[in-house]
Amino acid sequence: MQDYREFIDEVFVDAASIEKRVRELGEQISRDYAGQDLLVVCLLRGGLIFTADLTRWITISHEMDCMSLSSYGKGNYASSGNVRVNLDLMTNIEGRNVLLVEDIVDSGRTLAHVLMMLKTRDPKSVKVCVLLDKKMRREVPANADYVGFDVPDKYVFGYGIDIDEHYRHLPFIATADLSKYKPAG
Ligand code: IMP
Ligand code: MG
């Protein structure tokens with residue numbers, strides 16, 4: 001696998017800034033759900049690292065569950081909105097306050113699909129917390145209630161977000177110069 005230093009454009013958010021913002025989001029969520037039920041749902045795999053850090057700043061009692069979706073068709077670093085459920089929730093969300101935690105909203109298709117699907121299960125509420133929001137790329141209405149950072153129309157990676165399943169472990173969020181990226185194989 002190619003070293004990311006060969007195609008990194010710039011470090012967009014460094015580790016200290018991520019930690020500060022994640023802490024703020026956790027504190028905000030703790031205030032907003034004070035005295036209420038809360039089920040945090042991590043959207044795998046991109047939301048994994050963000051969720052792990054975020055929940056440690058949520059100071060009120062809450063449950064956690066995970067879900068894995070993948071979009072198919074189209075491809076090449078953009079989602080199609082044809083969403084398949086790879087792993088469903090283990091929790092019955094009827095009557096629950098659900099907080100979906102997602103890595104990035106781009107066209108909004110994935111989020112719109114999962115919101116529609118979860119609403120058929122009669123939760124009390126569903127809110128969305130995204131680490132990164134590419135607002136100018138929206139094709140369908142899908143708004144997050146909590147946003148870590150707005151990002152420009154560039155491919156990003158690190159802190160849970162991958163390029164071809166790699167680089168999720170990086171402690172910062174970087175933008176990529178895809179013209180310099182060579183896919184393996
Ligand atoms: P949407 O359905 O177009 O909103 O796409 C959302 C999904 O596409 C995210 O959950 C990511 O998995 C993926 N995605 C969108 N932009 C990027 C990016 O810049 N880097 C990595 N993955 C991305
Ligand atoms: Mg994702």
Side-chain angles (χ1 to χ4, degrees), residues 13 18-74 78-151 153 156 159-162 168 173:
V13 192
I18 295 173
E19 186 183 354
K20 179 171 175 285
R21 185 71 189 122
V22 171
R23 178 184 182 151
E24 286 168 1
L25 290 170
E27 289 171 347
Q28 181 69 50
I29 290 162
S30 306
R31 285 193 293 273
D32 292 353
Y33 287 91
Q36 297 181 61
D37 158 63
L38 175 60
L39 172 67
V40 174
V41 171
C42 170
L43 286 184
L44 298 173
R45 284 166 280 179
L48 180 59
I49 290 176
F50 177 37
T51 306
D53 285 344
L54 180 69
T55 62
R56 284 177 286 180
W57 291 113
I58 300 180
T59 52
I60 58 167
S61 170
H62 60 283
E63 291 177 36
M64 270 186 243
D65 202 346
C66 299
M67 216 174 166
S68 170
L69 307 171
S70 54
S71 67
Y72 56 93
K74 211 156 128 186
S79 100
S80 62
N82 299 317
V83 178
R84 177 173 54 216
V85 177
N86 301 315
L87 174 76
D88 206 340
L89 294 172
M90 286 193 278
T91 315
N92 177 359
I93 62 167
E94 188 178 342
R96 306 291 309 270
N97 291 321
V98 177
L99 180 65
L100 271 179
V101 182
E102 163 74 311
D103 54 355
I104 175 162
V105 193
D106 186 26
S107 70
R109 291 183 191 282
T110 308
L111 193 55
H113 185 95
V114 66
L115 285 173
M116 189 183 67
M117 189 177 102
L118 293 181
K119 280 174 184 163
T120 65
R121 301 180 187 182
D122 295 324
K124 183 175 178 195
S125 69
V126 183
K127 285 192 179 180
V128 177
C129 177
V130 291
L131 178 64
L132 304 177
D133 194 347
K134 286 189 185 171
K135 288 202 173 76
M136 79 295 294
R137 297 256 306 168
R138 209 68 98 249
E139 292 169 20
V140 299
N143 283 324
D145 302 276
Y146 304 94
V147 176
F149 302 94
D150 287 317
V151 279
D153 184 8
V156 294
Y159 196 70
I161 302 165
D162 72 304
R168 294 190 198 272
I173 299 160

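All values below come from the heavy atoms of this structure, side chains included, with hydrogens, waters and symmetry mates left out.
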Review point. Are any non-hydrogen side-chain atoms of Met67 and Val114 less than 4.5 angstrom apart?
Key: yes
Review point. Which residue pairs pass the salt bridge (Lys or Arg N to Asp or Glu O under 4.0 Å) test with at least one member in residues 52-70, sequence neighbours excluded?
Key: Asp53-Arg56, Glu63-Arg96
Revision key, fill the gap. d(Leu87 CG, Ser70 OG) to nearest 0.5 Å is 11.0 Å
Review point. Do the non-hydrogen side-chain atoms of Leu118 and Leu100 ever get within less than 4.5 Å of each other?
Key: yes
Point to revise | Spacing of CG belonging to Asn86 relative to CG belonging to Leu69, to within rounding of 0.5 Å | key: 7.0 Å
Check your understanding: Is it true that atom CE of Met90 has more than 12 heavy atoms of other residues, nucleotides or ligands lying nearer than 6.0 Å?
Key -> no
Exercise for review: Say whether, by atom type as modelled, one donor and one acceptor occur between the side chain of Asp37 and the main chain of Asn97 under 3.5 angstrom.
Suggested key: yes
**Study point:** Approximate separation, where rounding is to 0.5 Å, of Leu43 CG and Thr51 OG1
**Key:** 7.5 Å
Exercise for review: Output all residues satisfying side-chain contact (heavy atoms from CB on, under 4.5 Å) with Gln28, sequence neighbours left out; order by chain, then residue number.
Suggested key: Arg31, Asp32, Tyr146
Practice item. Would you indicate whether the side-chain heavy atoms of Phe50 and Val22 approach each other to under 4.5 Å? Key: yes
Review point. When rounded to the nearest 0.5 angstrom, what is the spacing between NZ in Lys119 and OG in Ser125?
Key: 9.5 Å
**Study point:** Spacing of Lys134 atom NZ and Ile104 atom CD1 [to the nearest 0.5 Å]
**Key:** 4.5 Å
Check your understanding: Can you list the steps and then say if Thr55 with Met64 is a side chain to side chain contact (heavy atoms under 4.5 Å, CB included)?
Key -> CA-CA 9 Å; Thr55 62; Met64 270 186 243; 3.5 Å; yes
**Study point:** Asp88: partners by salt bridge (Lys or Arg N to Asp or Glu O under 4.0 Å), with sequence neighbours left out
**Key:** Arg121
Check your understanding: Looking at Ala112 and Pro141, what are the two nearest heavy atoms and their distance?
Key -> CB-O, 4.3 Å
**Study point:** His62 and Leu99, any side-chain heavy atoms less than 4.5 Å apart
**Key:** no
Could you pull out every donor-acceptor pair under 3.5 Å between side chains of residues 126-133 and any protein atom, sequence neighbours left out?
| from | atom 1 | to | atom 2 | distance (Å) |
| --- | --- | --- | --- | --- |
| Asp133 | OD1 | Lys135 | N | 3.4 |
| Asp133 | OD1 | Arg138 | NH1 | 3.1 |
| Asp133 | OD1 | Arg138 | NH2 | 2.8 |
| Asp133 | OD2 | Arg138 | NH2 | 3.3 |

**Study point:** Candidate pair Arg23 and Glu19, rule salt bridge (charged side-chain N to carboxylate O under 4.0 Å, His left out), full reasoning
**Key:** CA-CA 6 Å; Arg23 178 184 182 151; Glu19 186 183 354; over 6 Å; no
Check your understanding: Hey, are the side chains of Tyr33 and Ile58 touching, using non-hydrogen atoms and a 4.5 Å cut-off?
Key -> no
Point to revise | Min side-chain heavy-atom separation Ile29-Leu54 under 4.5 Å | key: yes
Revision key, fill the gap. Across all chains, not counting sequence neighbours, the salt bridge (Lys or Arg N to Asp or Glu O under 4.0 Å) partners of Lys124 are none
Practice item. To the nearest 0.5 angstrom, please state how far the CG atom of Leu44 sits from the CG atom of Asp103. Key: 10.5 Å
Point to revise | Listed partners of Glu24 passing salt bridge (Lys or Arg N to Asp or Glu O under 4.0 Å), at least two apart | key: Lys20, Arg21
Point to revise | Steps toward side chain to side chain contact (heavy atoms under 4.5 Å, CB included) verdict (Ser107, Arg137) | key: CA-CA 5 Å; Ser107 70; Arg137 297 256 306 168; 6.0 Å; no
